[in-house]
Structures are given as structure tokens and as C-alpha cells.
Enquirer: 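Sending over a structure as C-alpha cells; questions will come in a sec.
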Protein chains: 2
Amino acid sequence: MAVIEPVPSESRQAQKERTRQAILAAALELSQTQGFAQISLRQVSRHAGIVPTAFYRHFESMDQLGLALVEQSFSALRRMIRDAQRDPQVFDNIIDAAADVLVEAVKQSKAHFAFVARERVGGSEEVRRAIKHELDLFVSELAVVLARLPNIENWSSDDVQMVSRLFVRNMVSNAEEVVEMPDGRPDLEEQIKEGARRQMRLIVIGFRDWES
Amino acid sequence: MAVIEPVPSESRQAQKERTRQAILAAALELSQTQGFAQISLRQVSRHAGIVPTAFYRHFESMDQLGLALVEQSFSALRRMIRDAQRDPQVFDNIIDAAADVLVEAVKQSKAHFAFVARERVGGSEEVRRAIKHELDLFVSELAVVLARLPNIENWSSDDVQMVSRLFVRNMVSNAEEVVEMPDGRPDLEEQIKEGARRQMRLIVIGFRDWES
DNA sequence: TATTTGAGTGTACGCATGTTCACTCATTTC
DNA sequence: GAAATGAGTGAACATGCGTACACTCAAATA
């Protein structure tokens, strides 16, 4: 229950943004235990340290809050893929790099990934559609990155798109696993990473042999 | 809103079972639009044509109802795999057979698959655990079937288990797709089937090359 | 046939919810 | 410095919820 104390030196706009972030954080935290669809506007407000009516100054409804969380989550995902592209390791070993980046990113933004993994299938119609859209977008973005890689650069764009889809599907599955991972078991992390690596190798090998 | 009229000739036990099934059916139907976790005991009762307090004659709580639905769903899945084993086509072409069976089964018990797909990640702690357990069981059962197949019979049991896990993961993903499939688009069905086939081939080819 | 059983009823309760409205009072604008 | 703005307040409301309790009345049992 983070109460937002007014900081005198802060501008009105900045204060508003702080409250907005407090609401988003409260909703994200509460949705970890019960799922976003079953938490109430009043619960979120209470947790954010505001009165229910003040909620409306920031979001029209819980559904709008959900959409904002989707946006926030995917911007974290995009940051991850942008960072990964800078890493020179990517060029000679996409698979190991991807597994590392995935597990690291999920660990860092665990709550956001958990939110997406859950609401992707369990959320309201609107939130579900938004997540599907973002994931489709992400598949295309990843395909662009993959197409630039050696070994892959001469594949047909249809095949690259399909590999990308399989990679993302795999990412979602593995994110689910990391999210469900109990806290005191870092050994499982390596196991999941190894599993992710094997699966990606499977996809790449299978596709290469497909072509020939 | 199916009202259950008492049928004179029916035994008391049979009547009770009818009501129980009506409750299960009502919950299943309602959970399609909103997700099981966010429907209420009163909604289910209303839909089943009974008064809320009568609900307790059949289930202790909504959570118990959820577990009963999990059980019902997986018995449908088991029927599917049993039928598939009888089909002689399985021996010379597992992949095409599996794709056919999957799409057919999901279409037949669409509501049950949708329930499992959603509640697997979106449901209450208890329901989620039950589904995970059933899915793990199913992976082992499928592994037994796969191990008997030609080409596979000399693989290590670890590898068979892993292939089985990937097949089931794939099954869940494709079930999600069939479930989300709009009603008036039978062309998408063939597309999903073709995708499932390619993915399974990928897994098998990848694994075979892995071994050598 | 008389008694017991138990599936389904109807009322009543306390509680949490989403949304409304008139309000305060610090910050921004003029 | 006076007026306007708008983020946050607090009381009030109608509604739907889970559950308790005393009940009916046909089927099962004796």
C-alpha cells in the first residue's frame, strides 16, 4: 500500500504521473496473485493509496488500465530485443544468446511477463485482442532481425516469418515456465534455459533440413 | 437457461445426476465468454435453473466445480488418444493422423478445450495446479504410445519424453488457435492443421538429426 | 402404510462493488 | 494578488455477491 505523498517541489503534471504509475504498479502487483480480470477498481485504488473516485482521473475503466499495462509490458519486451541486437554474440550464436536474453529479461520484468502470459488467454476480450496484436507485431519485428543473420539471410521470407512465429511461441511457453518457477530454485532456471536452447535448435535444424 | 423439470419415472439418484450435469454445462457455457474465475455461484445456478442454495447439494464451492470440469475435460482428451491408437493410419503416419485427430477433437469438445486453455494460466491456484498435473500425466501417457511406434522404438526414453512434451505443448498452442478461431471460417481450420503438421515434422526431423 | 431422507426453495443478512455528486485546496494561469 | 483549474476527497446509492437457516414435499426405506 504505497501512499503517494505530495512532494512540494514537483509540478502538478509530475505528481499526476507519479499517481498514474502507482496505479499501474498496484494493478500489476495485485494481478500476480489473482489475475488482472478478477481484481477490482477499489482494490487497485486502495493499494495505490488513493480513493476510488480518484482512479477515474487517470483511467476510464479497469479495461483501459489493462490496455495500459499491455503497452508497458511490450515496451519492456522491445527494449530487450533492441539490447540483444547490439550484442555481437548474436551473430555467431543466436540460439544461446536468445536463451540468455529471454531468461534474463523475464527475470527482470517478471511481473510484466506474468501479466501478459496470463491475460493473453485469461483476460477480457479487449485485453486479449491487444496482446494478440502486440505479439503478431513482435513476430514481424523479430523476423526482420532474424533475416539479417548469416545462414538465414537467403531463406524465403515466408520461412523466416514461420521460424519467427515458432520462436515467439516458444518464448511465450518458456516465459510461462519462468513465471511459474518457485523463488528459491535457481537450478530450475538453467534447466529452462537448456530446454529453450534445445527447442530453438530443433526449430533451426528442422528448417534447414526442410529446405534441402 | 435450461430448467430441469422433474421426470417422474427417473430415480432420485438419476435426477441428482441430471442437475449436476446441468450445473457443469452451465458453468462451461458461461466460462466461454468471461472465463471461469470471474463467474459467480449465483450466475451458474441461475443458468442451470436452480436456486443458489441448491448448488451446495452438488459442489462445496466454485473451486470444486472447477476441478470437476478439469476432470471432465481430460476424460474427453483421453478418449481422443484411445480412439487414435485404434486407427491403423497412426503407424505409418503419426503426424498427419495426430493433426487430424487434434483438430477434430478440439472441434468436438471445443468448450472443454477452451476451458483448459484458459484456466491453465488464468484460473485459480487450485485449478491451475490440477490442469498442470493432468497435462504432465498426459505427456507420460503419450510418451508410452510414441515409444511403440516404428522409428522411435529405439530412442532413449528421455528423448521420447521430451518429444512427447513438445507435442503436448504444441497441442495446447494449436488448441488455443482452434478455440480462438472465428466460427464462419473453415478455411482457417486447414491452415491450423497444416501448421500443426509442419511443427510436428520439425520436431521429429530435428530430433532424428540430433541423434546422428 | 408410516417414517425418514434429501434435493430443491425462499427469505434474510452483511459485505464489497462501480459510479454519482458536491466538496477542498494547492498549483497554474491571468 | 485574484481567478481558474483539476487531482484527490468522502458520503451516498443501487446492485450482486456468498452463505445461513428454516422450509417443502416427493422418493426411498422400513
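Heavy-atom basis, side chains included; hydrogens, waters and symmetry copies ignored. Numbers restart at 1 for each chain; the letters A, B, ... are given by sequence-line order, proteins then strands.
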Enquirer: What's the verdict on side chain to side chain donor-acceptor pair (under 3.5 Å) for A:Q13 and A:E17, showing C-alpha distance, side-chain angles and the deciding distance?
Expert: CA-CA 6 Å; A:Q13 223 178 35; A:E17 184 56 26; over 6 Å; no
Enquirer: If the cut-off is 4.0 Å, is B:S61 near the phosphate of D:dG18, judged by side-chain N/O to OP1 or OP2?
Expert: no
Enquirer: Between the base of D:dG6 and the side chain of A:R12, is one N or O donor paired with an acceptor at under 3.5 angstrom?
Expert: yes
Enquirer: Examine the base of C:dG10 for any acceptor or donor lying under 3.5 Å from a partner atom in the side chain of B:T53, and report the outcome as yes or no.
Expert: yes
Enquirer: From C:dA7, C:dT17, D:dT9, pick the nucleotide closest to the side chain of B:K16?
Expert: C:dA7
Enquirer: Establish whether the base of C:dG8 is bridged to the side chain of B:R57 by a donor-acceptor pair shorter than 3.5 Å.
Expert: yes
Enquirer: More 5' along DNA chain D: B:E60 or B:Q13, using each one's nearest nucleotide?
Expert: B:E60
Enquirer: Are any non-hydrogen side-chain atoms of B:R197 and B:D100 less than 4.5 angstrom apart?
Expert: yes
Enquirer: Check every atom of C:dG18, D:dA27, C:dG8 against the side chain of A:S40 and return the nucleotide holding the closest atom.
Expert: C:dG18
Enquirer: In whole Å, what is the span from the OH atom of A:Y56 to the P atom of D:dT9?
Expert: 15 Å
Enquirer: Map A:R42 and A:A54 onto DNA chain D by nearest heavy atom, then report which one ends up closer to the 5' terminus.
Expert: A:A54
Enquirer: Closest to the B:Q43 side chain: D:dG18, C:dT9, D:dC17?
Expert: D:dC17
Enquirer: Rounded to the nearest Å, what distance is computed from the CD1 atom of residue A:I50 to the P atom of nucleotide D:dA7?
Expert: 12 Å
Enquirer: Regarding A:Q199 and A:E194, is there a side-chain donor-to-acceptor distance under 3.5 Å anywhere?
Expert: no
Enquirer: Can you list every pair that meets ring pair (Phe, Tyr, Trp, His ring centres under 6.0 Å) and has a residue in residues 18-39 of chain B, with sequence neighbours left out?
Expert: B:F36-B:F115
Enquirer: If you compare every side-chain N and O of A:S11 against the phosphate oxygens of C:dT27 (OP1, OP2), does one of them come in below 4.0 Å?
Expert: no
Enquirer: Compare side-chain N and O positions of A:Q15 against OP1 and OP2 of D:dG6 and report whether any pair is under 4.0 Å apart.
Expert: no
Enquirer: Write down the distance between CZ (B:F55) and P (C:dA7), rounded to a whole number of angstrom.
Expert: 14 Å
